[in-house]
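Let me begin by presenting the structure, written as structure tokens, before commenting on it.
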Protein chains: 2
Amino acid sequence: MKEFKTEKCPDTTACPDAVTVDVIGGKWKGIILYNLISGLKRFNGLGRLMPYTTKRMLTLQLRELEQDGIVHREIYREIPPKVEYPLTAFVETLKPIIYLMRDWGDVYGNEVIMKRKVSVNM
Amino acid sequence: MKEFKTEKCPDTTACPDAVTVDVIGGKWKGIILYNLISGLKRFNGLGRLMPYTTKRMLTLQLRELEQDGIVHREIYREIPPKVEYPLTAFVETLKPIIYLMRDWGDVYGNEVIMKRKVSVNM
DNA sequence: CAGAATCCAGGCCGATACTG
DNA sequence: CAGTATCGGCCTGGATTCTG
């Protein structure tokens, strides 16, 4: 059994799944990955697909994904500036998980949200 | 394409994977599920497996999992009290994801953590 | 266009103490 | 044993402004 210690998960047992959550579980990472998988985007194009996200958060989350080697930041030195965020080969290792999560959300997402609304009203 | 709006993800497009993150992506939920899958536990027994978690957080996270229908809270009216947290049938729908996440963490977790350490020192 | 910088409120979460 | 209650720090993340 491997052991991991991340900032958010210093427990020494049973952490591998927590590491994965840490990589794809950020506040906007799911949606970012979903949109980038559906096609190459640049910064503002991605932002337009996520109207509730601020540029600030988009930047922060993209930098984390970049740091983890999941997206690449391709800077074109032009005016006006142009920055694209192609996915790396590494993201292929995550796609099975992302797709399963998307499918699960499709099937059970509303059910979970309903359960939460019910217990709020009690 | 279904649309979801959760508290944490009010964007109306491409949210199903974010819903899933919301269900299993809490700070300690990965480890909790991992430990509960490996066998029925009671409250303090679970806590002993996660020495960095406080009872407070354990309670909060377990209650969320309970609300989402993933774990059941079985209270035995005894003295001293005894509370067990068996998994529900619903967790079976999540197991493929959890297992994939665990496997991914086993294989790539250290790699990601290394990448982060490197860029911290720059 | 693609950010960076700053400010600031809210809430997340740890520590501690208490309870049936 | 299995929690609850309370307090407080700090960090996340939103709003706004500024820049090359």
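Each chain gets a letter, A, B and so on, in the order the sequences are listed, and its residues count up from 1.
- If you measure from atom CG of B/Asn44 to atom P of D/dC1, you get 5 Å, rounded to the nearest angstrom.
- Considering only side-chain N and O atoms, B/Arg56 lies nowhere under 4.0 angstrom from the phosphate OP1 or OP2 of C/dC18.
- Salt-bridge annotation for A/Asp68 and B/Lys115: absent, with no side-chain N of the basic residue lying under 4.0 Å from a carboxylate O of the acidic one.
- To the nearest 0.5 angstrom, B/Ile75 atom CD1 is 7.5 Å from B/Tyr85 atom OH.
- Here C/dC1 is the nucleotide among C/dC1, D/dG14, D/dA2 with the atom lying nearest to any side-chain atom of A/Pro80.
- In this structure, B/Leu60 atom CG and D/dT4 atom C1' are separated by 10 Å, rounded to whole Å.
- Residue A/Arg63 contributes atom CZ, which lies 7 Å from atom C1' of C/dG3 at whole-angstrom precision.
- Distance, A/Gln61 CD to D/dG13 P: 7 Å, rounded to whole Å.
- Using a 4.0 Å heavy-atom cutoff across all strands shown, A/Lys82 reaches sugar-phosphate atoms only and no base atom.
- Taking 4.0 Å as the cut-off between side-chain N and carboxylate O, B/Glu84 and B/Lys41 do not count as a salt-bridged pair.
- For the pair A/Lys29 NZ and D/dG13 P, the computed distance is 10 Å after rounding to whole Å.
- DNA chain C is contacted by both A/Thr59 and A/Pro81; A/Pro81 maps to the nucleotide lying nearer its 5′ end (nearest heavy atom per residue).
- Considering only side-chain N and O atoms, A/Tyr85 lies under 4.0 angstrom from the phosphate OP1 or OP2 of C/dG3.
- Backbone-only contact: B/Arg42 has heavy atoms under 4.0 Å from sugar-phosphate atoms and none from a base.
- Between the side chain of B/Thr53 and the backbone N or O of B/Leu58 there is no donor-acceptor pair closer than 3.5 Å.
- Between B/Lys27 and the phosphate of C/dG14, there is a side-chain N or O to OP1/OP2 separation shorter than 4.0 Å.
- Using a 4.0 Å heavy-atom criterion, one finds that A/Arg77 contacts no nucleic acid atom at all.
- Checking D/dT4, D/dC1, C/dG3 against the side-chain heavy atoms of B/Arg48 singles out D/dC1 as nearest.
- Computed from coordinates, the B/Met57 CE to D/dT4 C1' distance equals 15 Å when rounded to whole Å.
- B/Phe43 places its CZ atom 18 Å from the P atom of C/dG20, with the value rounded to the nearest Å.
- The pair B/Asp22-A/Lys27 does not count as a salt bridge, with every side-chain nitrogen at least 4.0 angstrom from each carboxylate oxygen.
- One interatomic measurement links the two molecules: CG of B/Leu58 to P of D/dT4, which rounds to 11 Å at whole-angstrom precision.
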